[in-house]
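Since the structure comes first, as structure tokens, the remarks are kept for the end.
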Amino acid sequence: MTEKLEKELINFSTDYIYNEAVSNFLLLLLYSIEELEKSDAYTLENIPPKIINIKKEVLNTVSSLKIILEDNNIKSEALETALGMKKQVLSIYESVFLYFIQWQRISTLVSDESAIRKYGEENVSGKKIEFSVFYEDCFEFLQNAENFNQQKQYMNKLFMCIPLKMTRNKYFDFLEESLLFAFNSEDDETLATFINMFKNTYAPDISPAYGKYAPHIAEAMSEKLKIIPSSMSDIELDEAFGDLEEIFETILEIKDYCQALYDSINSLITLFYLNFSFEDLTESNFEYTDIYYKVSEMINNPEDSSFFETISSLLENHIETSLNKTTDINKKQLKLLAKLSENHIFSEDSQKTLTIERFIRENFNSMLGEDIFSLDLDTPSNSFDENSKKNIVKETSEFLSQYFLSLPFHLRKVSMRDVFTLVPVSMDLYDFIDYIKSAIDNSKSFEHSLLIIDKIGAVFEDSGFDYKNEDFEEDEFHDHNCGHHHCGCEHDHHH
């Protein structure tokens, strides 16, 4: 019975691998069409020239796919080239990601200052708030998490809504505690990635990658990081919003462009990694061959745009069909896996097939924002024992301590708090509620307290939590779109 289940599972795995190869083939053709339509130089003025060159190389590779897939030696060389292009895109995107970190810091300060002023204009100081009900909501929100990991994620989200309220010494003790907690169950490779991520993410402007690509963004950010929102007039604050919006749109444009290119390179890697020929990929539908030849013609003659819309529509339909088939295979695999024992040992041949499937899945789902942290990392030669982990934590803490000291005062606190976007907060539930209470009780003004409550209310809403405190249910929640926090103030946000 077990052998039969394994055989069925591997058959589905084989189907999945083939279907994903076809999907990647079709996605490459669609990517090519979409890029050919972006021929207007104006739309590409913010894209680093190196990225444009890599895109051209990808399109040339797509037009040569039939030749490449028919010769294993050429295919092997093409795989190495594709892996090299992938590394280049990661390296370029690293610069863009670091700009976003800097943008996020100053954008937070500008948004918060704008919210505080709006509260003042609306004379909210007389508004009654049931603080006890609000704290009960916070407690229930955290307690209702499905598991410990989700509770920590929720805790981090709420932590980001609160201005940092700790002495310097207490902060770094707290940071080291939290880092040790984060490192506790990680393997060596993950730990090495985590360290690299820390030093790049939380000290972005001293990273070697900062300013290397799209330096005009680095220059714009250097000016914006000097502004002190609390000292600005309303007009200056509005102008800062506009400038930051423009910077954000530029960052987002490059990020989206890089991700699409990255996806296409991953599709090439999948095709060159597997053993399917051109005929294998096209035998299931005669239209695939015709579409491929037409796309190849367009790549070699981009001025001919007469069939763009027709070919795009055909590809979208074929891709949807292929992805739906993948979904069906996944469902069948899950049903079979549920019948197999967790301790089941697969045969050697089955393990090889499953390894290929795992690679295809990881490659298909990989994201630039996650993969940049493992760029240029070597797997550690030695395992990290407990003392080594403590030393690494201390070293990381000291590194950040020196960096934070170098920041202007108005950026320091928000930068220190932002560390906890990824590091789990090492507080228990009751201590954390006390931390929220303390932050609200010791706020500079009622408006500052209201901003904390407003942000936390937005986290509740985003998480689908039905909270008791109805004071703010009629408020319009505006997303800053910076992936950082929200507020429920009723002023206009640009991000």
Side-chain angles (χ1 to χ4, degrees), residues 9-37 55 58-59 61-70 75 78-79 82-83 85-86 89 256 258-296 298-299 308-334 336-337 352-368 370-371:
L9 184 65
I10 297 306
N11 285 339
F12 283 131
S13 182
T14 302
D15 289 344
Y16 170 85
I17 292 167
Y18 173 74
N19 199 65
E20 279 297 281
V22 172
S23 296
N24 278 279
F25 172 70
L26 296 173
L27 286 166
L28 269 171
L29 299 182
L30 182 61
Y31 170 80
S32 301
I33 289 288
E34 290 172 344
E35 286 306 308
L36 289 171
E37 288 183 296
K55 179 204 73 173
V58 167
L59 294 185
T61 304
V62 171
S63 68
S64 303
L65 268 179
K66 188 176 187 302
I67 296 170
I68 295 171
L69 293 174
E70 296 306 316
K75 188 194 293 187
L79 176 59
L83 290 169
M85 289 193 289
K86 179 174 182 174
V89 174
D256 289 345
C258 285
Q259 183 63 59
L261 178 58
Y262 193 67
D263 291 341
S264 71
I265 293 170
N266 278 333
S267 290
L268 286 175
I269 290 169
T270 294
L271 294 182
F272 300 153
Y273 177 78
L274 299 173
N275 290 321
F276 297 118
S277 66
F278 182 84
E279 282 70 23
D280 292 333
L281 297 174
T282 56
E283 66 182 4
S284 60
N285 192 313
F286 70 90
E287 276 193 350
Y288 295 171
T289 302
D290 294 338
I291 292 172
Y292 170 77
Y293 283 125
K294 192 61 192 174
V295 172
S296 295
M298 292 177 177
I299 293 171
F308 277 178
E309 191 174 336
T310 303
I311 299 298
S312 293
S313 180
L314 280 172
L315 280 168
E316 286 169 1
N317 290 333
H318 285 312
I319 289 168
E320 183 179 2
T321 300
S322 185
L323 293 178
N324 286 339
K325 188 174 179 181
T326 296
T327 301
D328 290 339
I329 293 170
N330 285 334
K331 289 177 181 177
K332 292 172 182 175
Q333 284 179 305
L334 286 172
L336 285 175
L337 281 170
K352 287 178 182 177
T353 302
L354 293 172
T355 299
I356 293 170
E357 179 190 338
R358 190 179 306 113
F359 172 81
I360 301 303
R361 287 185 184 278
E362 290 174 356
N363 200 44
F364 186 80
N365 293 310
S366 66
M367 299 294 290
L368 273 170
E370 297 171 3
D371 292 354

### Query
Quick one: are Leu30 and Val295 in side-chain contact, heavy atoms under 4.5 Å?
no
### Closest heavy-atom pair and its distance - Gln333, Ser13
NE2-CA, 3.5 Å
### Query
Is the number of heavy atoms from other residues, nucleotides or ligands under 6.0 Å of Leu354 CG greater than 12?
yes
### Query
Between the main-chain N or O of Ser322 and the side-chain N or O of Asn19, is there a donor-acceptor pair closer than 3.5 Å?
yes
### Val58 side chain near Glu35 side chain, heavy-atom distance below 4.5 Å
no
### Query
What are the two closest non-hydrogen atoms of Ser312 and Glu37, and how far apart are they?
OG-OE1, 4.4 Å
#### Entry: Stepwise side-chain contact (heavy atoms from CB on, under 4.5 Å) check, Leu26 with Leu281
CA-CA 9 Å; Leu26 296 173; Leu281 297 174; over 6 Å; no
### Residue pair Tyr288 / Leu314, side-chain heavy-atom distance below 4.5 Å
no
### Query
Asp328 side chain to Lys325 main-chain N or O, any donor-acceptor pair under 3.5 Å?
no
### Query
Tyr16 side chain to Ile360 main-chain N or O, any donor-acceptor pair under 3.5 Å?
no
### Task
For residues Lys66 and Glu279, determine if any side-chain heavy atom of one lies less than 4.5 Å from a side-chain heavy atom of the other.
yes
### Closest approach of Tyr262 to Ser366 (non-hydrogen atoms, all atoms of both residues)
CE2-OG, 3.7 Å
### Message
Nearest 0.5 angstrom please: Ile17 CD1 to Arg358 CZ, how far?
### Response
11.0 Å
### Query
Going by distance alone, is a donor N or O of one side chain under 3.5 Å from an acceptor N or O of the other, for Thr327 and Asn330?
no
### Query
Are any of the side-chain heavy atoms of Phe25 and Thr282 separated by less than 4.5 Å?
yes
#### Entry: Residues in ring-ring contact (aromatic ring centres under 6.0 Å, His included) contact with Phe359, at least two apart in sequence or another chain
Tyr273
### Query
Just how far is it from atom NZ of Lys294 to atom OG1 of Thr310, taken to the nearest 0.5 Å?
10.0 Å
#### Entry: Side-chain heavy-atom pair Asn24, Phe364 within 4.5 angstrom cut-off
yes
### Task
Could you pull out all residues at least two apart from Phe276 that satisfy ring-ring contact (aromatic ring centres under 6.0 Å, His included)?
Tyr18
### Query
What's the spacing between Leu271 CG and Ser277 OG if we round to 0.5 Å?
11.5 Å
### Query
With no hydrogens and no angle check, is any side-chain donor or acceptor of Gln259 less than 3.5 Å from a backbone partner on Met367?
no
### Message
Rounded at 0.5 Å granularity, tell me how far SG in Cys258 sits from CG in Asp263.
### Response
11.0 Å
### Message
Please report the interatomic distance OG1(Thr270) to CG(Leu274), rounded to the nearest 0.5 Å.
### Response
6.5 Å
### Query
Step by step, would you call Arg361 with Glu357 a salt bridge (Lys or Arg N to Asp or Glu O under 4.0 Å)?
CA-CA 6 Å; Arg361 287 185 184 278; Glu357 179 190 338; 2.9 Å; yes
### Task
Give the minimum heavy-atom separation between Ile329 and Phe12, together with the two atoms involved.
CG2-O, 3.5 Å
#### Entry: Intermediate values then yes/no, side-chain contact (heavy atoms from CB on, under 4.5 Å), Asn285 and Thr321
CA-CA 12 Å; Asn285 192 313; Thr321 300; over 6 Å; no
#### Entry: Tyr31 side chain to Ser267 backbone, donor-acceptor under 3.5 Å
no
### Task
Apply side-chain contact (heavy atoms from CB on, under 4.5 Å) to Leu59 and Leu36, showing your working.
CA-CA 9 Å; Leu59 294 185; Leu36 289 171; 4.2 Å; yes
### Query
Can you tell if the side chain of Asp280 reaches within under 4.5 Å of the side chain of Leu69, non-hydrogen atoms only?
no
### Query
Looking only at heavy atoms, what is the nearest atom pair of Leu323 and Ser23, with distance?
CD2-OG, 4.1 Å
### Summary
Interatomic distance, CD@Glu20 vs CG@Asp15, rounded to 0.5 Å, equals 12.0 Å
### Task
List the atom of Asn363, the atom of Asn266, and the distance in Å for their closest heavy-atom pair.
ND2-O, 2.7 Å
